[in-house]
Structures are given as structure tokens and as C-alpha cells.
> 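Have a look at this one before I ask anything.
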Amino acid sequence: HCNGTFVVAWTTFEFDGLGDVVIQRFNASGIPLGPAMSVNSPASSSHALADIAIDEDGNFVVVTSGENDLGDRGIFARVFSPTGATLVRQFLVADDPTGLITNPSVAMADDGTFAVVWSNADADTIDARIYNIDGAPQGGLINVSSTGGQFPRIAMENDGAFVVTWAGVAPGDTTGILARRFDASGVAQGDAFRVNTTTIDSQTAPDVGMGDDGRFIIAWSSFSSTSSWDVLAQRFLPDGTPDGVEFVANTTTADIQNDV
């Protein structure tokens with residue numbers, strides 16, 4: 001948040017043996033603001049794989065993958081005020097009767113609009129949907145990739161335009177890093193494009209960050225049989241043109257460097 005406050009989310013199995021997503025708010029000095037609290041609603045449900053995003057006013061949204069006490073399974077979201085009060089109760093974003101919809105990621109614009117992305121191994125797609133701060137969906141399902149993929153991540157500009165990156169099969173790669181740009185209405189701005197220049201062995205598990213001016217950077221784990229694991233990154237201009245060349249982000253090169 002612009003005033004330095006931040007929120008951390010994690011998964012714990014401490015309380016009842018079920019997956020429980022917990023959040024903790026902090027001020028700009030890293031001092032906790034109130035107690036940690038569960039995102040699961042109700043508490044008897046099981047959730048994991050949390051992601052979190054925050055808007056200009058400090059409202060934030062947490063997305064999880066899990067199952068509630070009614071047997072609904074899939075991707076869920078819950079919206080909170082800057083004080084941690086619930087603005088929108090936990091709701092189902094993507095129904096998952098097969099147990100193959102997972103890896104949710106969320107990004108939020110300044111006005112509280114947010115977009116959620118996830119992978120669907122059953123349909124072999126990556127999909128997304130846009131919501132208002134009150135949890136009302138804006139438009140229908142957005143198909144990001146119709147050729148499958150894993151580990152989707154999303155970043156959003158202040159005005160709601162966003163970019164999604166994921167690991168998928170690309171020509172010349174065991175796995176490659178792909179990305180696709182969208183405007184604030186969810187309309188694709190061109191096809192998916194390859195992010196990585198290095199194509200030897202495996203490129204996987206990307207993450208993405210986006211600036212106020214629309215520039216973005218994607219980093220990922222890169223495995224080479226000659227150098228083990230490194231973290232590579234590539235900067236892009238707002239139109240998706242590479243800004244410079246791919247580079248190694250880690251300075252420590254001994255052993256394994258991955259999981260961006």
C-alpha cells in the first residue's frame with residue numbers, strides 16, 4: 001500500500017489438520033496490526049495456495065484454492081477493508097468438480113477492481129475473470145491460454161490493464177515461459193508470446209510485476225544441466241516489446257537458486 005502498510009498470507013495446518021489460510025496485517029515498520037486471522041469461511045473448510053493483492057485505499061483481496069463445508073471445491077476469493085474487516089464474504093470464483101483447477105493468482109487496480117487467474121488441467125486452459133471491489137463479476141470468463149499451462153501469475157496497472165504469465169510448452173523448450181497482455185476490460189492485446197530467450201532444458205514457475213506506466217518484468221526459475229537452477233528475468237515495455245535482454249537475477253550461483 002502507498003503508506004507502507006502490507007498484508008502477508010500463508011497456509012497452516014496447525015489448528016485442525018485442515019489447510020487454513022491465515023493473514024496478518026503490518027504497518028510500515030513491520031509491526032503487526034491486530035492478530036492474525038483466518039481467511040477460511042467457515043473455519044471448518046480447507047484452503048491453501050493463497051495469493052493477495054491490495055488497492056490504493058488499502059482494501060485487499062485474498063484468493064485461495066480449496067473446499068468449503070458445503071462441498072464446493074475450486075478457487076475462492078474474499079475482500080477485506082484496510083482494517084481487516086470483511087467487505088465481501090468468501091465466494092466461489094471457479095467451480096472445480098474434478099479437483100484439477102488450481103494455482104490462483106490475483107492482481108488489483110487502484111479503484112479496487114481485481115482480476116483472478118487460475119489453471120484448469122481438466123480443460124487444459126488458463127482462465128481469468130475480472131471483479132469489482134464489491135465482488136460483482138465484470139464480464140464473463142476470459143480464456144488466457146487454450147493450450148494449457150501451469151503456475152499462472154498476474155500483475156495489473158493502476159488503470160486495470162493486466163498481464164498474465166505462465167509456464168507452458170513452447171517450441172524448442174521442455175517448458176517455456178509465456179505471457180499475454182489484456183486491457184482493463186479483459187480484451188486480449190495480441191496473442192501469447194514467449195518470454196524466455198534461454199530455451200535449453202526447463203524454464204518454469206514465473207512471476208510478474210507491473211509499474212504504473214505499464215512496463216513489466218517477468219522472472220522465472222531456469223534449469224540447465226550444466227549450471228543447475230538460476231533465476232532469470234526479462235523486462236518489457238508496455239506494448240510487450242522486450243526492454244533489453246534476458247538476464248540472470250541471482251548473484252549467488254552455488255547450489256540451487258529458484259522459486260521466484
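Model, not experiment: these values are computed from the prediction.
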> Can you see which heavy atom on Thr125 is nearest to which on Ser146, and at what distance?
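Looking at all heavy atoms of both residues, the shortest contact is CG2-CA, 4.3 Å.
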> When clusters are formed by joining ILVMFWY residues with side-chain heavy atoms under 4.5 Å apart, either directly or through shared neighbours, do Val106 and Val8 land in the same one?
no
> Can you tell if the side chain of Ile75 reaches within under 4.5 Å of the side chain of Leu92, non-hydrogen atoms only?
no
> So, do Phe236 and Val195 sit near enough that their side-chain heavy atoms are less than 4.5 Å apart?
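Yes; the side chains approach each other to less than 4.5 Å.
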> Measuring from atom CG of Leu141 to atom CG of Asn143, what distance do you get when rounded to the nearest 0.5 angstrom?
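That separation rounds to 7.0 Å.
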> Is there a donor in the side chain of Thr204 and an acceptor in the side chain of Ser202, or the other way round, less than 3.5 Å apart?
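No donor-acceptor contact under 3.5 Å links the two side chains.
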> Using modelled atom types and a 3.5 Å cut-off, is there a donor and acceptor pairing between side-chain atoms of Ser81 and backbone atoms of Thr83?
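Yes; judged by distance alone, with no hydrogens or angles, the pair exists.
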> Is it the case that the side chains of Arg78 and Thr86 hold a donor-acceptor pair, with the cut-off being a distance below 3.5 Å and no angle test?
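The answer is yes; a qualifying pair exists.
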> Report yes if some heavy atom in the side chain of Met108 is under 4.5 Å from a heavy atom in the side chain of Ile133; otherwise report no.
yes
> I want to check something: taking the side chain as every heavy atom from C-beta on, are Glu157 and Phe216 in contact at a cut-off of under 4.5 Å?
no
> Under 3.5 Å, side chain of Glu246 to main-chain N/O of Thr198, donor-acceptor pair present?
yes
> Taking the side chain as everything from C-beta on, heavy atoms only, tell me whether Asp95 gets closer than 4.5 Å to Arg73.
no
> With under 30° as parallel and over 60° as perpendicular, where do the rings of Phe182 and Phe162 fit, or are they tilted in between?
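The rings of Phe182 and Phe162 lie parallel, inter-plane angle below 30°.
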> Looking only at non-hydrogen atoms, find the nearest pair between Thr102 and Ser65 and report the distance.
OG1-OG, 3.9 Å
> Can you tell me if Asp55 uses its side chain to pair, donor with acceptor, with the backbone of Asn59 under 3.5 Å?
yes
> Cluster question for you: counting only ILVMFWY and a side-chain heavy-atom cut-off of under 4.5 Å, with indirect links fine, are Ile177 and Val163 together?
yes
> Tell me whether Val62 shares a hydrophobic cluster with Met37, the cluster being built from Ile, Leu, Val, Met, Phe, Trp, Tyr side chains joined at under 4.5 Å.
yes
> Looking only at the aromatic ring of each residue, does the gap between the centers of Phe60 and Phe114 stay below 6.0 angstrom?
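When the ring centroids of Phe114 and Phe60 are compared, they turn out to be at least 6.0 Å apart.
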> Tell me whether Gln203 contacts the main-chain N or O of Ser222 through its side chain, where contact means a donor paired with an acceptor under 3.5 Å.
no
> Distance only, no hydrogens: is a donor on one side chain within 3.5 Å (strictly under) of an acceptor on the other, for Gln150 and Ser119?
no
> Taking the side chain as every heavy atom from C-beta outward, state whether Thr64 and Phe76 have any atom pair closer than 4.5 Å.
yes
> For the pair Asn27 (side chain) and Gly30 (backbone), establish whether a donor and an acceptor sit closer than 3.5 Å, ignoring hydrogens and angles.
yes
> Got Ile142 and Asp127 here, is their nearest side-chain heavy-atom distance under 4.5 Å?
no
> Which atom pair, heavy atoms only, marks the closest approach of Asn120 to Ala123?
OD1-N, 3.0 Å
> Using the six-membered ring wherever Trp is involved, compare the ring planes of Phe26 and Phe6 and label them parallel, tilted or perpendicular (cut-offs 30° and 60°).
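Phe26 and Phe6: parallel rings.
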> So, does Arg25 use its side chain to make a donor-acceptor pair with the main chain of Pro82 at under 3.5 Å?
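Side chain of Arg25 to backbone of Pro82, a donor-acceptor pair under 3.5 Å: yes, one is there.
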> Return the minimal non-hydrogen interatomic distance between Leu178 and Gly168, and the atom names on each side.
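Smallest interatomic distance, heavy atoms only, reads CD1-CA, 4.5 Å.
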> In the structure I gave you, are the side-chain heavy atoms of Ile154 and Val208 within less than 4.5 Å of one another anywhere?
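Side-chain contact under 4.5 Å: no.
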> I'd like to know if Arg153 pairs up with Asp51 as an ion pair, taking the criterion as any Lys NZ or Arg NE/NH1/NH2 lying under 4.0 Å from an Asp or Glu carboxylate oxygen.
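Salt bridge: yes.
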> How far apart are the closest heavy atoms of Val245 and Gln234, and which atoms are they?
C-OE1, 3.3 Å
> Which heavy atom of Asp159 sits nearest to which heavy atom of Ala109, and what is that distance?
C-CB, 4.5 Å
> Check the side chains of Ser38 and Asp20 for a donor-acceptor pair under 3.5 angstrom, ignoring hydrogens and angles.
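The answer is yes; a qualifying pair exists.
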